[in-house]
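Please read these numbers as outputs of a predicted model, since none were measured by experiment. First listed ligand is number 1; within each ligand, the first listed atom is number 1.
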Amino acid sequence: MKTEQRQTNPAAGTATMRAVVQDVYGDTSDVMRLEQIARPEPGPGQVLVRVAAAGVDRGVWHLMAGKPYAARLAFGLRTPRHPVRGREFAGRVEAVGSGVTTVRPGDEIYGMGEGTFAEYVLASESKVAPRPANLSAVQAAALSISGVTALQAVRDHGRVTAGQQVLVIGASGGVGSFAVQIAKASGAEVTGVSSAAKADLVRALGADSVVDYSVGDGLEVGERRFDVVLDIGGDRPLRQLRRVLTPHGRLVIVGGEGGGRLLGIGRQLRAAALSPFVGQTLGFFVASEKAADLVLLTGLVESGQVTPAVDRTFPLAEAAAAVTYMTGGHARGKVVVEVSR
Ligand SMILES: NC(=O)c1ccc[n+]([C@@H]2O[C@H](COP(=O)([O-])OP(=O)(O)OC[C@H]3O[C@@H](n4cnc5c(N)ncnc54)[C@H](OP(=O)(O)O)[C@@H]3O)[C@@H](O)[C@H]2O)c1
């Protein structure tokens, strides 16, 4: 990835920063490049963060590719509205805008912001929390979007309680690695589904058993039935997912890969439409990004119940390679871009 000057050079005297930007949508990360761009200033309710590390999650690919196409209504119709990629971060507060009361310059925080593959990012005060005391910035950078999504899947949508049988499909990935740990912390017996190569990771995360998705029909669980199925990886038909649920079990569709280029959520909509007519509860959700859940995650981390699984890091100049590594299915848990390296 080359460093270039943007055509619209920042005016002389403007503070600048290195950032990974894209001008056009594309399926591969060669649409991204490192540039020197103007450093943002915090507005009301905003926090300017000196980014130490940025997590890489599937959402980065969706924003980069502009897919599913319907998402371009939010991302920008012809070109990405926000040119800098990355949404998860850990870093130090550099400055705060008017009305910000919960964080101060110098605080170490983590959370969500728009454009975290950069030396500085703006975040809303409502989407940040103090960094867990026992985590490095690299570990904390992996936590926000994947961790909050997993928390909401287990707690709000799966409504997992102690003693339940929980199946986590996609247990070795970013969201799944947190979901396994949070379901275990809720007292459930957890079965993870992953590739055979990552079964050791899924066990180390606390799963009681692991199913290899390359065997048989990809969901070989014998006679076992699950109270809750968290569908995070793959693109299984509803009938296959319902087959492994108890008669009154809950299916939570988290993942959106392979769901069609236009809407991307055909399977999710069919599940929600069918749910009122069957004994099982079938549904999906889009995670809501809120500080209260980051604070809850911090508690789970500081009590030792959840630890981010970070596979490896890439320097900022190689953020595109980090995205390719993740989309290529290589990551064991999460990949992180180390901005301050
Ligand atoms: N609903 C929301 O608000 C929300 C929020 C965040 C993410 N998501 C979605 O959640 C999904 C997962 O995101 P992520 O960041 O965790 O991605 P990820 O890190 O790439 O993980 C993908 C997981 O899927 C597994 N997998 C791949 N093919 C599979 C198959 N055929 N059967 C079963 N598992 C399979 C992978 O296993 P191996 O690596 O072992 O092959 C891996 O565990 C994405 O679709 C993302 O868009 C949704």
With a 3.5 Å distance limit and no angle check, can you tell me whether His157 reaches the backbone of Val252 through a side-chain donor-acceptor pair?
no
Contacting atoms of ligand 1, where contact means under 4.0 angstrom from a heavy atom of Ile169
33 (C)
With a 4.0 Å cut-off on heavy atoms, is Arg236 touching ligand 1?
yes
When the ring planes of His330 and Tyr325 are compared, do they come out parallel, tilted or perpendicular, using 30° and 60° as the limits?
tilted
Result for side chain to side chain contact (heavy atoms under 4.5 Å, CB included) between Met112 and one of Val121, Leu294, Val128 points to Leu294
Pick whichever of Ala331, Gly234, Gly170, Ala179 has a heavy atom sitting closest to atom 23 (C) of ligand 1.
Gly170
Does Asp27 offer a backbone N or O that forms a donor-acceptor pair with the side chain of Trp61 under 3.5 Å?
yes
N/O to N/O below 3.5 Å, does that happen between Val254 and ligand 1?
yes
Measure Ile232 to ligand 1 on non-hydrogen atoms and call it side chain, backbone, both or neither using the 4.0 Å cut-off.
both
Distance-only N or O hit between ligand 1 and Gly174, under 3.5 Å:
yes
How long is the straight-line distance from CD of Glu220 back to OG of Ser214, given to the nearest 0.5 Å?
10.5 Å
If we only count N/O pairs under 3.5 Å, is Ala287 in contact with ligand 1?
yes
Would you find a donor on one side and an acceptor on the other, under 3.5 Å apart, between the side chain of Ser177 and the backbone of Gly333?
no
With respect to Ser195, determine whether any N or O atom, backbone or side chain, lies less than 3.5 Å from an N or O atom of ligand 1.
yes
If you measure every N or O of Ile145 against every N or O of ligand 1, does any of those distances drop under 3.5 Å?
no
Below 3.5 angstrom, do we get any N/O pair linking Ser172 and ligand 1?
yes
So, Thr116 side chain and Glu88 main chain: donor-acceptor pair closer than 3.5 Å or not?
yes
Taking a cutoff of less than 4.0 Å between a non-hydrogen atom of the residue and any ligand atom, is Gln152 in contact with ligand 1?
no
Part of Arg58 within contact of ligand 1 (heavy atoms, under 4.0 Å):
both
From the options Val148, Thr149, Leu230, select the one whose nearest heavy atom is closest to atom 5 (C) of ligand 1.
Thr149
Go through ligand 1 atom by atom and flag the ones less than 4.0 Å from a non-hydrogen atom of Val286.
3 (O)
Report the residue from Leu245, Val229, Ile253, Asp231 that forms a side chain to side chain contact (heavy atoms under 4.5 Å, CB included) with Leu282.
Leu245
N or O contact, Tyr213 vs ligand 1, cut-off under 3.5 Å:
yes
Hey, is the main chain of Gln165 close enough, under 3.5 Å, to the side chain of Asp227 for a donor-acceptor pair?
yes
Any heavy atom of His62 under 4.0 Å from ligand 1? The part involved is side chain
Any donor-acceptor pair under 3.5 Å from Asp107 side chain to Ile109 backbone
no
Starting at CZ of Arg87, measure out to CZ of Phe117 and round the result to the nearest 0.5 Å.
11.0 Å
I want to know if ligand 1 touches Phe285 in the polar sense, i.e. an N/O pair below 3.5 angstrom.
yes
